[in-house]
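Order of the sequence lines sets the chain letters (A, B, ...), proteins ahead of strands, with each chain counted from 1. All values derive from a computational prediction rather than experimental measurement.
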Number of protein chains: 2
Amino acid sequence: MGKDRKIDMVILGLLSHEDLTGYDIKKQIDEAIGFFWKGSFGSIYPALGEMEKAGQIKKLPDRSSGSREKIKYRITKDGKNALKEWLKEEQSSNDLKYETLLKLYFGGVEKPEVSIHNIELFEEKIKADLNVLKWYKSNLEKVLDNNEHLHYYLTVTFGIDTYEAYLKWCARSKKLLKERV
Amino acid sequence: MGKDRKIDMVILGLLSHEDLTGYDIKKQIDEAIGFFWKGSFGSIYPALGEMEKAGQIKKLPDRSSGSREKIKYRITKDGKNALKEWLKEEQSSNDLKYETLLKLYFGGVEKPEVSIHNIELFEEKIKADLNVLKWYKSNLEKVLDNNEHLHYYLTVTFGIDTYEAYLKWCARSKKLLKERV
DNA sequence: GTACTATGTATCAAAACGATATATCAAATT
DNA sequence: AATTTGATATATCGTTTTGATACATAGTAC
């Protein structure tokens with residue numbers, strides 16, 4: 001039991017809220033948790049098949065007969081238990097890969113302008129994403145009395161706090177690099 | 001040429017500073033850039049073999065005859081060009097996977113104590129790593145007049161800034177969760 | 001002397017990515 | 001009315017990466 005596949009936990013977690021298709025799952029990963037997690041169809045669909053075989057999720061009958069195929073999944077008792085087990089595991093790996101920082105670290109082989117430009121590209125992306133997160137936050141604050149939304153709210157504030165730290169760092173770093181031009 | 005393999009750029013970047021063995025490369029990834037990038041032997045050794053065939057790096061003669069085998073690599077002109085090309089690419093993907101946030105997001109299916117504990121585990125890890133980064137920073141500040149070290153310094157300050165943002169978020173989040181206990 | 005840790009190269013199964021194929025449906029364009 | 005575009009939906013495939021393991025030598029500690 002209990003392989004070490006992270007995508008399984010993402011799927012179980014999302015299904016613990018509501019029944020979803022593979023496509024729905026991909027959408028939720030991109031839209032709701034995209035700023036701290038990624039996932040692709042290439043891992044979602046195979047996982048759905050294997051998890052169904054393992055009895056952690058089950059297919060729901062497609063009642064919209066005649067139309068396009070659409071497979072909704074529902075979490076089972078076994079699935080819920082696996083999710084709760086994972087939540088209580090002591091170990092959590094936070095895998096961060098900043099290509100921006102990689103380029104900055106090796107930027108010494110090029111002119112400072114190249115590094116400055118790379119920071120600016122990062123900065124623009126972060127500014128745009130930060131606005132989205134702030135909009136999420138203001139919406140969530142209206143319904144914060146609900147216990148369920150608190151968990152989402154906390155991840156959103158995590159995003160906002162780190163993004164704001166990024167932006168301060170960008171400003172200071174550009175300044176230091178420009179002194180060397 | 002120029003496949004889209006990130007490990008190639010890590011290897012070229014590290015070799016642009018000095019000649020290294022595969023083992024050295026792994027060590028540098030873990031120790032110097034480990035807080036913003038990861039890499040394993042399983043990707044390093046195959047990449048070294050293919051990059052040598054492609055002419056981006058070359059083996060150096062092992063002069064310590066008789067002793068244990070030890071293969072040092074040196075970057076070639078082709079390799080340096082590939083590195084510079086990559087530095088000038090507009091696109092940079094920053095892939096972040098925070099299992100801690102994933103558990104927090106789905107934490108609603110368990111008692112708040114579970115989420116609080118997970119945040120505390122994250123907090124402890126970050127505090128320890130932050131101390132290391134601060135020690136790096138104070139050492140780097142002594143040699144900051146050197147252009148080469150500025151790039152490393154900037155990545156270290158990135159780590160410090162984001163880790164400090166993490167810690168503030170941890171404190172506020174624990175407080176909000178404890179109110180619900 | 002022998003156990004333990006660090007150095008060093010290498011491979012393999014499993015996991016994840018990213019691109020692509022295929023097809024339906026709704027909405028906007030021509 | 002016909003056509004094109006974009007969103008919805010499932011699925012696979014080659015490539016990359018991870019994480020574990022295997023194997024062997026060198027240096028250090030007890």
Side-chain angles (χ1 to χ4, degrees), chain A residues 1-11 19-31 33-34 37-54 57 59-60 62-73 86 91-99 102, chain B residues 1-11 19-31 33-34 37-54 57 59-60 62-73 86 91-99 102:
Chain A
M1 265 298 99
K3 272 179 288 186
D4 202 25
R5 219 166 41 178
K6 298 285 155 58
I7 188 68
D8 290 11
M9 297 307 139
V10 177
I11 291 171
D19 303 331
L20 297 167
T21 67
Y23 188 82
D24 293 335
I25 288 166
K26 170 63 172 160
K27 246 182 113 180
Q28 290 227 9
I29 291 175
D30 289 347
E31 289 168 15
I33 65 176
W37 200 266
K38 263 96 193 159
S40 61
F41 285 127
S43 62
I44 293 168
Y45 282 109
L48 284 172
E50 287 167 43
M51 290 164 76
E52 201 222 345
K53 237 178 260 172
I57 60 176
K59 279 186 191 171
L60 293 184
D62 185 7
R63 52 192 76 257
S64 59
S65 60
S67 74
R68 165 175 41 183
E69 74 172 330
K70 193 168 165 176
I71 310 163
K72 268 206 175 180
Y73 289 92
W86 167 71
Q91 193 67 20
S92 286
S93 72
N94 297 306
D95 290 348
L96 316 181
K97 287 191 166 183
Y98 292 94
E99 194 173 359
L102 206 56
Chain B
M1 266 303 98
K3 271 179 288 182
D4 203 23
R5 220 167 38 178
K6 298 286 155 54
I7 188 69
D8 291 10
M9 297 306 138
V10 178
I11 291 172
D19 303 331
L20 298 167
T21 67
Y23 189 81
D24 294 334
I25 288 166
K26 170 64 173 160
K27 245 182 115 180
Q28 290 227 9
I29 291 174
D30 288 347
E31 289 168 14
I33 64 174
W37 199 266
K38 262 97 194 157
S40 60
F41 285 128
S43 62
I44 293 167
Y45 282 109
L48 284 171
E50 286 167 42
M51 289 164 76
E52 201 221 347
K53 238 178 256 172
I57 60 175
K59 279 186 190 173
L60 292 184
D62 185 8
R63 51 192 77 257
S64 58
S65 60
S67 74
R68 165 178 39 184
E69 77 172 326
K70 192 169 165 175
I71 310 164
K72 267 205 178 184
Y73 290 92
W86 168 71
Q91 193 66 20
S92 286
S93 72
N94 297 305
D95 289 347
L96 315 182
K97 286 192 167 182
Y98 292 94
E99 194 173 357
L102 206 55

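- In this entry the distance linking CG of B:Asp30 with P of D:dG19 reads 11 Å, nearest Å.
- With sequence neighbours excluded, the residues satisfying side chain to side chain donor-acceptor pair (under 3.5 Å) with A:Asn94 are B:Thr100.
- Contact annotation for A:Lys72: no contact, since no heavy-atom pair falls under 4.0 Å across all strands.
- Qualifying side chain to side chain contact (heavy atoms under 4.5 Å, CB included) partners for B:Leu96, counting only residues two or more places apart in sequence or in other chains: A:Leu96, A:Tyr98, A:Tyr166, B:Tyr98.
- Considering only residues two or more places apart in sequence or on other chains, B:Tyr23 meets the side chain to side chain contact (heavy atoms under 4.5 Å, CB included) condition with B:Thr21, B:Lys27, B:Phe41, B:Tyr45.
- C:dT7 atom P lies 14 Å from atom CG of B:Leu20, rounded to whole Å.
- Out of D:dT17, D:dA7, C:dA10, the shortest distance to the side chain of B:Arg5 is found at D:dT17.
- Comparing C:dA19, D:dT8, D:dT17 against the side chain of A:Lys97 picks out D:dT17 as the nearest.
- In this structure, the nucleotide among C:dT11, C:dT7, D:dA11 sitting nearest to the side chain of A:Ile71 is D:dA11.
- The CD1 atom of A:Ile44 sits 14 Å away from the P atom of D:dT8 (whole-angstrom rounding).
- Contact check, B:Lys70 against C:dT9: no side-chain N or O comes under 4.0 Å of OP1 or OP2.
- Judged by closest nucleotide on DNA chain C, B:Lys59 is the one of B:Ser93 and B:Lys59 placed further toward the 5' end.
- The nearest whole Å value for the distance from the CD atom in A:Glu99 to the P atom in C:dG18 is 11 Å.
- Residue A:Asn94 contributes atom CG, which lies 16 Å from atom C1' of D:dT18 at whole-angstrom precision.
- When rounded to the nearest whole Å, the span between CG of A:Leu48 and P of D:dT10 equals 9 Å.
- A 4.5 Å side-chain heavy-atom check between A:Glu50 and A:Arg5 finds at least one atom pair inside the cut-off.
- Atom CG of B:Asp8 and atom C1' of D:dT15 are 12 Å apart (whole Å).
- Between C:dC17, D:dA9, D:dT18, one nucleotide has an atom nearer to the side chain of A:Asp24 than all others, and that is D:dA9.
- Side-chain atoms of B:Phe41 lie closest to C:dT11 of the nucleotides D:dT10, C:dT11, D:dG19.
- The closest side-chain heavy-atom distance from A:Leu48 to A:Ile71 is not below 4.5 Å.
- Contacts of B:Lys26 with the nucleic acid, taken as non-hydrogen atoms under 4.0 Å apart, are absent.
- To the nearest angstrom, C1' of D:dT25 lies 10 Å from CD of B:Glu69.
- Contacts of B:Lys26 classified as side chain to side chain donor-acceptor pair (under 3.5 Å), with partners at least two apart in sequence or in another chain: B:Asp30.
- Comparing C:dA16, D:dT17, C:dA10 by their nearest atom to the side chain of B:Ile7 picks out D:dT17.
- Put simply, B:Tyr23 has a side-chain N or O that comes within less than 4.0 Å of OP1 or OP2 on C:dT7.
- B:Ser92 meets the side chain to side chain donor-acceptor pair (under 3.5 Å) test with A:Lys103; sequence neighbours excluded.
- Where A:Lys6 and A:Thr21 meet DNA chain D, the nucleotide closest to each residue was compared, and A:Thr21 sits on the side nearer the 5' end.
- Among the atoms of the strands shown, base atoms are found under 4.0 Å from some heavy atom of B:Ser43.
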From CA spacing to verdict: side chain to side chain contact (heavy atoms under 4.5 Å, CB included), B:Met51, B:Tyr73:
CA-CA 10 Å; B:Met51 289 164 76; B:Tyr73 290 92; over 6 Å; no

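- When heavy atoms are screened at a 4.0 angstrom cut-off, B:Gly22 is found touching the sugar-phosphate backbone but no base atom.
- For A:Lys27, counting side-chain heavy atoms from C-beta on, the closest listed nucleotide (D:dT8, C:dG18, D:dG19) is D:dT8.
- Taking five base pairs at each end of the helix from C:dG1-D:dC30 to C:dT30-D:dA1, the local helix axes there meet at an angle of 30°, rounded to 10°.
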